[in-house]
Structures are given as structure tokens and as C-alpha cells.
Amino acid sequence: MRDVLLVAIREIRQITATKGFWIMLMALPVAIAVSGFASSAFAPEDSTAYTVVDETGTIGEGITERLALRDRQQELRDLAEYAERYDLQAIDPQAPWADRQAWLSEAEVRRFAEAGGAEAAVERIAPDLPAGVPPFELEDPSYVAVPLPDGVALTAANGEMGSALQAAFENDIAVDGRTLPYGAVLYIPQNFGEPGAAARVYTNGRSNQTLIQAFRDGLDGALRDRMFAAQGIAPATAQAIEGMAAPLAVIDPPPGSGRTEVMTRSLVPLALVYLLLITAVTTGSMMLQGVVEERSNKLFESVLACIRPDALMQGKLLGLGAVGIVIVLVWAGTGLAGAMYFEGFAAEVVKPSLAALDDPLLIAAMIFYFFAGYIVLAMLFLAIGAVSESMQDAQSYLTPAILLVMIPVMILMQAAIGSPNSPVVQVLSWVPLYTPFAMLARLATGVATWEILGTIALMVAFIWIELKLLGRIFRASLLNDGKPTLKRIASWVRSPGRQS
Amino acid sequence: MPASALAFEAVTKQFGTLTAVDDLSFAVPEGSVFGFLGGNGAGKTTSLRMALDILTPTAGRIDVLGQPPSRENAAAIGFLPEERGLYKKMSVLDTIVYFGRLKRMEAGAAKASAMALLERLGLADRAKAPIEKLSKGMAQKVQVATALVNSPGLLMLDEPFSGLDPVNQAMLEDLIADAAKGGATVIFSTHVMQHAERLCDRLLLLARGTKRFEGTLDEARGALPFRLVLAARGDPAGLPGVMKATRTGGDGDWGEYAVEMADGAAPEGLLAHCTANGVALNRFDVHRPSLHEAFIHFVGSDPATPAGEAAR
Ligand SMILES: Nc1ncnc2c1ncn2[C@@H]1O[C@H](COP(=O)(O)OP(=O)(O)OP(=O)(O)O)[C@@H](O)[C@H]1O
Ligand SMILES: [Mg+2]
């Protein structure tokens, strides 16, 4: 054990002395910081202010209403998902939010809005909220209508933007004590609809697609109404035609239920799969280089005169594992810190993900799969290093090995997200090389407990066997002057003897 | 005979169909300096590797410091492999300390011993330099230091002199002699007979895996007849101990003769006889066989094959 530690410490020092290690270690934190600052600097606030200047006096109101309804629709959708997840539909079975499909129907959304929207629904739920269920988080509306700021004129005549408006766009706008970005102004001329009389949208130059789309829908609707009227169609009929929508049901996976299955909708396991691949492949390559160097230098002989080949191999694995842990901890730590610090996108993804991780078995399984996967891959790299004479030689083994790992894992990730119970995923869960990836990916959507325990047992057995085999390859190849051919490698694996 | 630090008993090592070491038996007495001589491919390196448990013998028994080969002995052994190599990025000091630690030394002791060795090898000012910044010879001295750092009781050096300049070869000879004076057993393999002649108490001559000779330097030379050249007034054929005398030159009465002596007859005896009996001589050259000649005699080929290191 002492030998194993000595070797491990030397490996750690060697790896941490490389630039590559530090670049990799800092890559994620830097990326988080950059994207965090970038998104807090450039991303729009939750709400964007806009103005409709309507000289016709009829169209503008519809557009404002339409935008408000969109927010309500989103609210209803979130609320219904929340209600289903925590089994709250029984509190008010008639409410629009008790039905997960309700947001698809404009009538239901209107009913929801008239009943007071999410605010009223939250109040309704509050007294009956079971213990342990977090309250629904209300979100700010996406768009807030504001009057044209004082002293700002639209130089509507020539269509160019006046400097006062430009300044208003640049300076954001104060609404109810909050400062919101001022997104766009819609100008509808008196004679809108007549040839040559176009509505105009002045924007602050940032991407306001939804807003502009809403303007456009409103204007289109107004034109259609006029046309209907001109054709003598009654307003009620016209509305019915406009409100017509193809019957549509959207089937989502049920949000976390957690009775017979261990499940989380957490992103954490999926993130771990990528983290696993990246760290294992990069640190593995570093170690591979080290092993090839030792081999081509005939360095092993001096070392092997002092310690057993097994101790050397285990020391290398341990060192590599420790480096991996450090990288993962630093990444996870900065990820969390970033999520806490930047109250933007990261917080919205990371916080709920972590909140969903409440089952100790799940957490333990995740950690196990991660390290089991890491060790399995590390051993693969070590084996390649042990049978390679030079880096070129290693490359010729490495490429097929990486493909062997990557391609099924990529397929698996796709499958696991789309249809977690498809046969591919089920089968790969029980193929040791892919077990950690498959199971991590599946944890995101739910796996039976027996499968978790079974695959853990499988992995333990596999790692034990792999260690033995690798020990043999190591012993045989390090001490053999000859070039390791496939045939010889096979014979090393088969016989516990030391030479071919 | 003192106990042996290393003993081979009928050891055979086969690589597939090739027999690298064939039924080899020898013993290295404790405290001796033991030379392992043999041409390329004779099996020297293979034998040392077996003694270190890096290779396992196909048959036979090996005893190292009274035990079968194992890493249990690592703390008492210093080994310099034939193919040199060190971690390129590691510093000189760290490298030596690392090997000291692998040989069960405490960090402090390893460091102190490493610094002392570097001092002695003239590399103290390079202690912090990474190995890749050293010349080949310097790196080799560092590797010698990794073998010596634990003050081993048994030192095995596989061709320790190759790659060193004459000054450093002399320095290494001193190191080996000092280790032996300190009571260590030293085994080294070489192609260069001069080193063996200067250092060894005992020798083993190997050829194609088999033992051709084991014994002291004098025994090795004594196994070959010496050459005697003398210039005498008459034919020396009748003198005691002379088997055959061939005239090779000279003029008139004075002839130059190459003399072959009978087994066991010493040239000193002949000289004494001549002086005592007034046999007129004006030259009496005894040419003792060198180890080189003994090597060729036993091994049947010149040690300095093209692939060898003996060209220096
Ligand atoms: N790992 C191995 N696999 C196969 N054959 C080997 C192996 N190691 C050594 N041999 C063979 O064993 C024989 C003895 O080799 P060894 O290295 O012991 O010779 P040596 O006396 O050290 O020679 P040199 O003076 O050239 O170093 C050689 O014929 C060599 O080809
Ligand atoms: Mg050799």
C-alpha cells in the first residue's frame, strides 16, 4: 500500500505539473464566469417594456391583451406541471391548472386569466399545500406595456428614429419602481390598412422576436377582422374562425412522481455523463502519455526492481483517480458557486436540479457510477499505454478505443433522453463498459431500484476482473522487450505467467 | 567460504524456444566484487533480472540475501538497469529521493543521502534541474545515485560504465570500490575487461547462457598458458620445465626462442635455474595472459563485437 501511495503521489505531481491539467481545470470555471457575466450583462431582464402608439384607437388594445394572454398561458402551463408533479389537482379539480393540457386552449387560458391568473391560483392552493411541497414561484410577466415617455416624439413622418426615442431605448425605463429595458414601440397610423400605410416598429436593436411576432399577429388579426367585416361576416363568426385551432394533445413524461421508481428530472446525472467523458478522456490521455514515456524509456525496469507491477498499476490508477476527483470537485464547486452568484440562467437550471436530488440512494448511485465509469476508462487507457511502444503506437489503439466508448455513449444519450426504456438503453445498462453512462443517463428519468443495485454489483465485479487482467497485461508487457502483438496480448490475458 | 549474497542453482530461462540462460549455477560470496562477463546475448541481463524478480526462471533456484527473489529485499538492493531512463520532467533530487522512498527509506534520510551522493558525483548544483536538462552522462550518474541512495548491501550494476567519459568511469570505479570497502557485495556486468581486471575479486564468464568459467582473476588467467620469450646462447629445450622451444629470431649464437612450459612449471623456477647454473640469457620476458585473452579462450569470441560497448 505504501508503494501504491508513493506511485500515486508521483503521478499526481507529474500530471499537475503539466499546463494541460491547469487549462482543463480552469476551463469550466472560466466558461461559467464568462457566460455568467455575459448573460448578466447582455441578456434581457425578465420583463421588457414596450409601447403601442395607436392612432386608430382600435387595434392597439388587442395587441396588449394578446401579449398579456401569452404570459398567462405560460403561467398556466408551469402551474399545471407543478400541480401534477406534487399531486395538487385534487385541491380544485375544476380549475384550469388541474389539467395539463389546458394551456393549449385559448378559452381555458382566458378563464385562467379572468380567475386572477397564477397569483389567485397560488392563493387558492396555499391553505391546502401539503407539507414539504415548495410553493409555486411566480414569475414576472415577459412584457409590460408603458406609455410613451414624456417628451419623446416618434418622427413618424419619415420613418426614421428620433434621437429622443433612441435615448429612451438606451436608458431603459422606470416602471413601478423597477428599471426595465425598453424593448420596442409599435406605431399604428390612423390610416392603417390602406395601401402604403404601414405600421412601424421601433426597437432598441436587441432581439425582441416574441414581441415583434405579437405585434404582427395583432396587426394581422386586425386586418382579418376588417376583411371579415367587409365580407359581411358577423363579428361572432369571425371570432370563431380566428379562434379555430386544430385539436392537439401534447404528451409529456409525467413530472417526478417517485413512488415505485427512483426518479429525478434532474439535469445533474446528464451533466455527470459529459463530465465523466471529458475528465476521463483528458486525464486518461495524460496518463497514457506518461506510461508510454516510461515504457519507451525503459524506466519501468528501475521501478519494477523496487515494487511489484501491480502496485505500480494501482498507484497510477489511484493517482489518476485523485486528479479526476480534484477536477470534478473544482468544476462542481465553481458550477455551484456560479449558480449562486449569477441569478440568471444557471440558477434556473441548477437549483431545481439539485432540489430534485433528495434520495440518498440516488445520490450514492450517481457518485458510484461516476467513479466506476472513471476507473473503467482509466484502466482502458492504462492498458493501451502498457501495450504501446510509442505515442504513435498508442494513437492507433486509442482511436478505435475512443470510438468504441464514444459512439455507443452518444447513441445512448440520445436514446436515454428520448425514450429511457428503449431496449438499446436497457441492454447497454448491463454492458459493463457502458453501464455507468447508461445508468447515469437513465437516472435522469427514472430507474427501478433493483436495476441500480444489480448494475452496481455488476460494475464491482467487472472492475475487479479488469484489475486482474490489466495487472497481467502490465506485468507481461512491461517486462517483455518484444513488441506486443495482439496474439501475445491475448496470451498474457489468458495465462497468469509472466512471459509470452 | 563465506555465505553467498547471491546464488544460482541450475537456473534456466527460456523465452519461447530460445534458451537465454542454460542450467547456470554460481555463487557470489558476501562482500566480494563480482564480475559478470560475456558477449552480447550471453544472458547477463536476463540473469540479473531473474535475481531481481523482474523475470521468473523457467527452472532452477535463485537465492538473494538468503531468500528467493522478491521485492522484500528491495530495501537492501541497489540496481542499475542496462537500459537507462528516468522521468524527464522530474528534478534530479526528486528522482533520487523517489527511488530511495520506493526502497523503503524515510523521506528525510533519502534526501540527506541523495544530497551526499550528488555532492560526490559533482552534481550538487544541478539538484533542482529537471532530468531532461542534463547530458546523457550526467543523467547516468543520477541513475547510479538512484541505485546507491539506500546504501545497499547488494549492488547489481548492468554495464555501469557504458556511456561515461574516462574521468567519470574512474569516479564510478571509486564508488564501487568504496561500496565494497563498506562491506557491500557488488555484482556488475561489463564487456570491458579493464574494469573487471581492476575491480573484481571473482568473475563469471558466460557464453550463450552457459557458464564457461567461475573463479578469481588469477585463476582465470592461470587457466591459460603464459608465453615466455627468451634470448639464450643455446637451445633452451633441455632446461627443466620446458616442453618446447621454437627459435623465432636472433643472430649467431644468440637465439630468440618462444618457450612453452610444461603444465605446472613456473617461469620463476626456470629463471632461478638459469641463474644458478650459469645459463647465459640476455632476455627473459614472461607474458602473462590478460583477462582479454582469457575471455577469448573461454568464450571463444572477442568481447568487442560490433554491437558491444568495448570500442572505447
Ligand atoms: N524479453 C525477452 N524476450 C525474448 N527474448 C529475450 C528477452 N530478453 C532477452 N532475450 C534473449 O535472451 C538472450 C540473452 O539476452 P540478455 O539480454 O540476457 O543478454 P546480455 O548478456 O545482457 O547481452 P548484452 O551484452 O547485449 O546486454 C538474447 O538472445 C536475447 O535475445
Ligand atoms: Mg545486457
Side-chain angles (χ1 to χ4, degrees), chain A residues 1-21 286 289-312 315-316 319 389 472 474-482 485 487-488 491 495-500, chain B residues 13-16 18 20 45-46 48-58 69-91 94-95 97-107 110 130-132 139 142-144 146-147 149-150 152 156 158:
Chain A
M1 197 56 215
R2 187 180 172 277
D3 300 341
V4 174
L5 275 181
L6 280 172
V7 174
I9 291 168
R10 206 206 69 80
E11 286 306 323
I12 293 169
R13 287 178 60 176
Q14 169 148 341
I15 293 181
T16 52
T18 60
K19 278 196 208 84
F21 168 79
M286 285 183 202
Q289 249 169 23
V291 175
V292 171
E293 185 197 342
E294 285 173 56
R295 224 179 108 75
S296 57
N297 270 352
K298 305 283 177 181
L299 237 164
F300 281 122
E301 204 167 342
S302 335
V303 178
L304 289 183
C306 307
I307 62 173
R308 285 175 302 107
D310 294 27
L312 178 61
K316 283 179 176 295
E389 300 276 294
R472 276 185 204 170
F474 232 70
R475 218 171 17 229
S477 78
L478 297 195
L479 304 177
N480 207 302
D481 292 341
T485 58
K487 206 172 125 209
R488 271 164 121 175
S491 79
S495 80
R498 301 188 183 199
Q499 273 76 48
S500 62
Chain B
K13 175 70 195 178
Q14 286 174 326
F15 294 106
L18 181 117
T45 301
T46 305
L48 289 180
R49 284 182 180 160
M50 285 191 286
L52 287 160
D53 194 28
I54 294 175
L55 295 176
T56 12
T58 314
S70 85
R71 276 145 192 105
E72 303 295 308
N73 283 330
I77 292 179
F79 173 53
L80 178 73
E82 155 181 57
E83 307 231 31
R84 311 291 146 71
L86 293 167
Y87 295 101
K88 284 202 210 95
K89 307 268 179 208
M90 246 171 139
S91 80
D94 285 350
T95 305
V97 171
Y98 178 59
F99 280 96
R101 302 273 288 139
L102 285 183
K103 292 190 269 190
R104 320 257 144 59
M105 291 178 85
E106 290 306 320
I131 299 287
E132 61 186 349
V142 173
Q143 192 146 15
V144 169
T146 65
V149 62
N150 56 333
M156 298 193 216
D158 201 349

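- In this structure, A/Ser302 and B/Gly85 approach most closely via the heavy-atom pair OG-O, 4.3 Å.
- Ion pairing between B/Asp94 and A/Arg13 holds under the 4.0 Å rule for side-chain N and carboxylate O.
- Put simply, the side chain of A/Arg10 never gets that close to the backbone of B/Thr95: no donor and acceptor are under 3.5 Å apart.
- Taking A/Lys316 as the reference, A/Glu11, A/Glu294 meet the salt bridge (Lys or Arg N to Asp or Glu O under 4.0 Å) condition, with sequence neighbours excluded.
- Of all non-hydrogen atoms in B/Arg101 and A/Arg2, the two that sit nearest each other are O-NH1, 2.9 Å.
- Interface check for chain A: of the options B/Lys103, B/Lys88, B/Glu82, B/Arg84, the most heavy-atom pairs under 4.5 Å are formed by B/Lys88.
- Both the backbone and the side chain of A/Ala305 come within contact range of chain B, judged by heavy atoms closer than 4.5 Å.
- A/Arg308 pairs by the side-chain hydrogen bond (donor to acceptor under 3.5 Å, both in side chains) definition with nothing, not counting sequence neighbours.
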ask   = Run the side chain to side chain contact (heavy atoms under 4.5 Å, CB included) check on A/Leu304 and B/Phe79 step by step: do they pass?
value = CA-CA 10 Å; A/Leu304 289 183; B/Phe79 173 53; over 6 Å; no

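- Across every non-hydrogen atom of B/Tyr87 and A/Val303, the tightest pair is OH-CG2, 3.8 Å.
- Neither the backbone nor the side chain of B/Met156 has a heavy atom closer than 4.5 Å to any heavy atom of chain A.
- Here the CZ atom belonging to B/Arg104 is positioned 9.5 Å from the CG atom belonging to A/Leu6, to the nearest 0.5 angstrom.
- Residue-environment remark: CD (B/Glu132) exceeds the threshold of 12 foreign heavy atoms within 6.0 Å.
- The candidate from B/Ala74, B/Ala75, B/Ala147, B/Pro81 with the greatest count of non-hydrogen atom pairs under 4.5 Å with chain A is B/Pro81.
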